[in-house]
Each structure stands twice: as structure tokens, then as C-alpha cells.
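Data block below; observations after.
What you see below is based on every heavy atom in this structure, not just the backbone, and it leaves out hydrogens, waters and symmetry mates.
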Amino acid sequence: MFEKRKLGRTGLDVTSICLGTMTWGQQNTEAEGHAQLDLAIGRGINFIDTAEMYSIPPKAETQGSTERIIGTWLKSRGGRERIVVASKVSGRSSNDWLRPGGKPARLDEGNIRYAVEGSLKRLQTDYIDLYQLHWPDRVVSLFGAGGNVFRDLPRPDDSVPIADTLGALGRLVEEGKIRHVGLSNETPWGTMRFLAAAEAGHGPRIAAIQNSYNLINRNYELGLAEIGLREDVGLLAYSPLGQGYLTGKYQGGARPAGARSTLFNRGQRYEKPGVATAIDAYLALAREFGLDPAQMALAFVTSRKFVASNIIGATSIAQLETALASADVAITPELEDRIDAIHQVHQNPAP
């Protein structure tokens, strides 16, 4: 059985491993998505994560496909009350296929309400347990872009005020369409502003933050980890394997058939200078300790005290079995010291 952890101050208990689903609808068929759900839920996982944007990479013709696959599974299997379902509303976006009439997505009440209604319909459920803002409405560094975006912040700032966004979410909570709220791809400043807005009575308190966190990107530790621990905002860690790069399958420029970076060429975040050298060091450490490198990387993330749940993803049942089994891998004090020694030399090459 998987450890259960508190999700913020919500009273919800979620498993330490969460089933990520973003490949369903492109790399995975509906039947394969159902098979993954059957396996994970059957093993004791109670937490699944999706988004209105999925599947990934985002395309108009596949937008919402992942939620639809989850929805048909929920309808056919029943037991909705046993599952904690998390989804996300897209942040500020110029994609002209997300909203009616090609209007840009924003985190205002109209956009959020439209997104929630669509997700509920596709998921075939009356409520979403955790509804997250996929990325902020304001200008921030996203998906490995680096900090250069902050050299010249736009003035005046035309982003939707945080209090307005939180208020819109609060009204959906009051209506019973969502139960709790969370952030994703958020900064320390943004997280504290959302907490302050909730304290001021503008809406519900955030329960979690879903950010990238793995052996080659531990930036979360630099500011957000303290906020998470002191404010009871758990990390839902995504990309714990660095899009698969920490398995070693892409080392030396390899491109295995059917792998994500082979199919879509979207791995630039993990192809920056110094990344391959750092991965080599972690691969060697796993070999020395007799561990599967993927399981070592996953176990490291799961073992962090500020992590509420580790979002794993798989495109095959074999990969899912490996990921689920990582819950049985212990990060011993000796292994922890060796991981930190590598991190000291190769700090966050893929932020």
C-alpha cells in the first residue's frame, strides 16, 4: 500500500504517488489509459491528475482528450468517491482553440467557468476535487525558459488580479463544482500573494502547488519548499524523471522509437549544457547502489517532506510497474549524502 499524505488543510488524504495522464489521447489510446488506471487504482493509488489542455503536446484536435478518457473510465468502473481527481484551467494563452471565438484564455471568471464546465462534462463527474491554475495569468518564466523574462516586466501589468481569480474559484467552490484549489508553475511571490488574498477573504486557501521537481531541477527547494512546509501547501511534483531523461534512455543523443522526445522534439529543457554530465553522475550512482535509475530518481522526489504527491507518468504498463515499485525504494542516509554531493557540483542544470 502507498503512504497517504494530507493535501494542504483540505482534510483530503492522497497517495504519495499520483497517476499523471497527459500522454493519453496521443501517445496512449483510450484502452491503454483505462489499463493504466485499472493497474494504478488496483494497487492502491487514489489520486489522478489531468488538465483541460491535455493531451501533450497541446493541439486543437486533441485538447480535452485525456479528460474524456478518464471520464469513460469513471463511468464504466464507478466508485468516483474513492478517487481524488485533479484538473487544471489553462493560464494566459494566445492559443485560439481553447476558448469560443478564438478569444485568448485568461484567468478571469468567464474563462475559468467555461473551462470548469468543459472539464466536468468530459470527466463525466459533478465535481473536481482539486482545481489548479495551470500557469499564471501574469508574465513569469515558464517551462525552463529561464529568468530573463524578469529583465523587463511589462508596465502597466494587465494581468487578471489574483483576488479576482481567487474569487471566481471561490464561487465555483460554493456551487460544489470544485472542492479545493491549487496552483501550478507558480513562483514564491505568486504563492504568497494567493495565500494573502485568501486570508483577506477573497476566496479559498490554496491547498497545493504543482511544479517541476527532480534531481536535475531542485529549484523548488530555494524558496517554495519553506513556504510549502510552513503554510501547509503541498508540492505535487511533476516531471520527476525529467521527461524521461533521468532514465538514461536519451544519453549520447539516443532517440528510442516511440519515446516522447523522439516523437515530438520537446525536450530542450533537459538538453541544456551540463545536463547530460549531471545525468551521467546520477546513472553511475544508481548502478553503484544496485538501483534502477528511474526508481532512484522517483524515490528521491517521493521522500521529500514537502512533497504531498509525486506525479508519475507512463506510456506502457511496464513503465508504470517500474514507477509504482519506486515506492519500495529507500533513500538511505548514505545515498542521500551521495545525491547531495552530485547536486553540489551539478546544481539545477535543467531549471
Does the [X] side chain pair with the main chain of [Y], one donor and one acceptor, at a distance under 3.5 Å?
X    : Y    : result
T262 : G258 : no
Q243 : P240 : no
T66  : W24  : yes
S326 : T322 : no
S119 : V116 : no
D108 : N111 : yes
E231 : G228 : no
E52  : Q63  : no
N95  : W97  : no
T302 : A299 : no

Check the pair L320 / L19 against side-chain contact (heavy atoms from CB on, under 4.5 Å), numbers first and verdict last. CA-CA 9 Å; L320 182 55; L19 182 61; 3.9 Å; yes

Between atom [atom1] of [X] and atom [atom2] of [Y], what is the distance when rounded to the nearest 0.5 Å?
X    : Y    : atom1 : atom2 : result
K88  : Y54  : NZ    : OH    : 3.0 Å
R338 : I331 : CZ    : CD1   : 13.0 Å
E221 : L235 : CD    : CG    : 10.0 Å
Q124 : R80  : CD    : CZ    : 12.0 Å
F2   : N310 : CZ    : CG    : 11.0 Å
L298 : L246 : CG    : CG    : 9.0 Å

Going through the distances and angles, do N185 and H134 end up as a side-chain contact (heavy atoms from CB on, under 4.5 Å)? CA-CA 7 Å; N185 297 298; H134 206 156; 3.9 Å; yes

Going hydrophobic residue to hydrophobic residue with side-chain gaps under 4.5 angstrom, can you get from [X] over to [Y]?
X    : Y    : answer
I17  : L7   : no
L12  : I128 : no
V181 : M192 : yes
V301 : I339 : yes
L123 : I311 : no

Are L120 and D126 close enough, and set up right, to give a side-chain contact (heavy atoms from CB on, under 4.5 Å), and what steps lead you there? CA-CA 6 Å; L120 290 171; D126 296 327; 5.9 Å; no

Could you walk me through whether Y270 and S239 pass side-chain hydrogen bond (donor to acceptor under 3.5 Å, both in side chains), step by step? CA-CA 11 Å; Y270 300 100; S239 205; 3.2 Å; yes

Are [X] and [Y] close enough that a side-chain donor and a side-chain acceptor fall under 3.5 Å?
X    : Y    : value
Q210 : D49  : yes
N28  : T315 : no
Y245 : E271 : yes
T277 : H346 : no
Q132 : S184 : no
R138 : T187 : yes

Measure the shortest side-chain to side-chain distance between [X] and [Y] over non-hydrogen atoms and say whether it is less than 4.5 angstrom.
X    : Y    : result
S261 : R255 : yes
V139 : S159 : no
Y282 : R287 : no
Y131 : I112 : yes
K272 : V275 : yes
E32  : L37  : no
E109 : Y114 : no
H343 : R218 : yes

Indicate the atoms forming the closest heavy-atom contact of [X] with [Y], along with that distance.
X    : Y    : answer
A308 : V14  : O-CG2, 4.0 Å
L142 : P136 : CD2-CD, 4.2 Å
Y238 : R269 : OH-NH1, 3.8 Å
A207 : T10  : CB-CG2, 3.4 Å
T191 : I209 : OG1-CD1, 3.6 Å
A314 : T23  : O-OG1, 3.6 Å

For Y213 and F306, run ring-ring contact (aromatic ring centres under 6.0 Å, His included): C-alpha distance rounded to whole Å, both residues' side-chain angles, the deciding distance at 0.1 Å, then the answer. CA-CA 11 Å; Y213 180 73; F306 48 79; 5.5 Å; yes

Report, as yes or no, whether the 6.0 Å neighbourhood of atom CD on Q344 holds more than 12 heavy atoms from other residues, nucleotides or ligands.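 No, CD of Q344 has 12 or fewer neighbouring heavy atoms, counting only those of other groups under 6.0 Å.
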
What residues, two or more places apart in sequence or in another chain, satisfy side-chain contact (heavy atoms from CB on, under 4.5 Å) together with K4?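 K4 satisfies side-chain contact (heavy atoms from CB on, under 4.5 Å) with D13, T15, N46 only.
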
Determine, stepwise, if the pair N348 / N217 fulfils side-chain hydrogen bond (donor to acceptor under 3.5 Å, both in side chains). CA-CA 5 Å; N348 303 322; N217 176 17; 5.6 Å; no

Check ion pair [X]-[Y] (N to O, under 4.0 angstrom):
X    : Y    : result
R193 : E186 : no
R106 : D164 : no
K121 : E67  : no

Walk me through whether S55 and Q26 qualify under side-chain hydrogen bond (donor to acceptor under 3.5 Å, both in side chains). CA-CA 6 Å; S55 58; Q26 287 194 64; 3.0 Å; yes

Please test S212 against F143 for side-chain contact (heavy atoms from CB on, under 4.5 Å), starting from the C-alpha separation and ending with a verdict. CA-CA 8 Å; S212 174; F143 312 119; over 6 Å; no

Report the residues that fulfil side chain to side chain donor-acceptor pair (under 3.5 Å) with R304, sequence neighbours left out, ordered by chain and then residue number.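 Counting only residues at least two positions away or on another chain, R304 forms a side chain to side chain donor-acceptor pair (under 3.5 Å) with E336.
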
Passes salt bridge (Lys or Arg N to Asp or Glu O under 4.0 Å), R205 versus E199? Steps please. CA-CA 8 Å; R205 196 176 198 277; E199 289 180 3; 5.1 Å; no

